[in-house]
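Take a look at the structure below.
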Amino acid sequence: MSTFFDTHAHLDYPDFAQDIADVVARAKAAGITKIISIGTNFESSRRAIQLSERFSEVFAVVGWHPTDVLDAPEDIREELRKLAQHPKVVGIGETGLDYYRLPSKDGKHTPEDDERYKRKQAQIFEQQLQVAGELGLNCVIHQREALNDTLAAMERHRGHVRGVFHCFAGDVGQMQRVIGLGSLVSFTGILTFKNGQNIRDTLAATPADKFMLETDCPFLAPVPYRGKRCEPAYVKDIADVAAEVRGCSLEELSRTTCGTADSFFKRLKDP
Ligand SMILES: [Zn+2]
């Protein structure tokens, strides 16, 4: 059986509170040998670390999500450095920029609120890039409708920090801009959706050593589970489609995607 990793899961979300041990066991049975649980704020990052202590196949990424930044302290660096000392922390994030749902869209907030939100996102993103650079870790990047600003921030840290642009949904040109900066992309169950042809086209054009696979669970369950709770075992269903799109064997896809993850995420190979 070919083995794969789930490089982006939110195992600490309440969706998994009742049956986390079964979820991890099902992943193992499906050949998903490593799962990276991604923090979205300090509490979530601590829970990800706790899960990594409980399950040998689980690793943690610690950081603060761009859509949560209004709850973040002004400076998250000191606490982030402490969290990142844990031997099973393999990266910083998820971080980045998200201009999709700005405060003024509710009709009650003002354009000034939008600017304040974007400034705080940029500040918290920059702090995470700095800490990642100091500690020799890479970043898990969340980007939505903010590609130019996100790439500009990565450019300032070029040569020190690389990012994986998770849940990648861009076109071939956008993928090339990301990998041109030394960063990577990763693909979710959207690959399996009927209306996911543009993403399959991007995957087909991505160099074999520049992408990874992920679920982003509990979100984005692949076909045939679409609309249900997603879990790491479903990486297998994503891998089946990815291998077909690339015209390669599952063995080859396993070797390239796991090799890429092992070299991108520090301590994933030898915790
Ligand atoms: Zn996520």
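Every number for a ligand or one of its atoms is a count from 1 in the order of the listing.
- Partners of E115 by side chain to side chain donor-acceptor pair (under 3.5 Å), not counting sequence neighbours: none found.
- When the Zn ion (ligand 1) is compared with the N/O/S atoms of E94, atom OE2 turns out nearest.
- Between D240 and K236 there is a salt bridge, with a side-chain nitrogen of the basic residue lying less than 4.0 Å from a carboxylate oxygen of the acidic one.
- Side chains of Q143 and T150: a donor-acceptor N/O pair is absent below 3.5 angstrom, by distance only.
- Side-chain contact between F125 and V69: absent, with no pair of heavy atoms (C-beta onward) separated by less than 4.5 Å.
- Taking 2.8 Å as the threshold, H166 does not count as a candidate ligand of the Zn ion (ligand 1), since none of its N, O or S atoms lies below it.
- Using a cut-off of 2.8 Å, one finds that H8 contributes an N/O/S atom close to the Zn ion (ligand 1).
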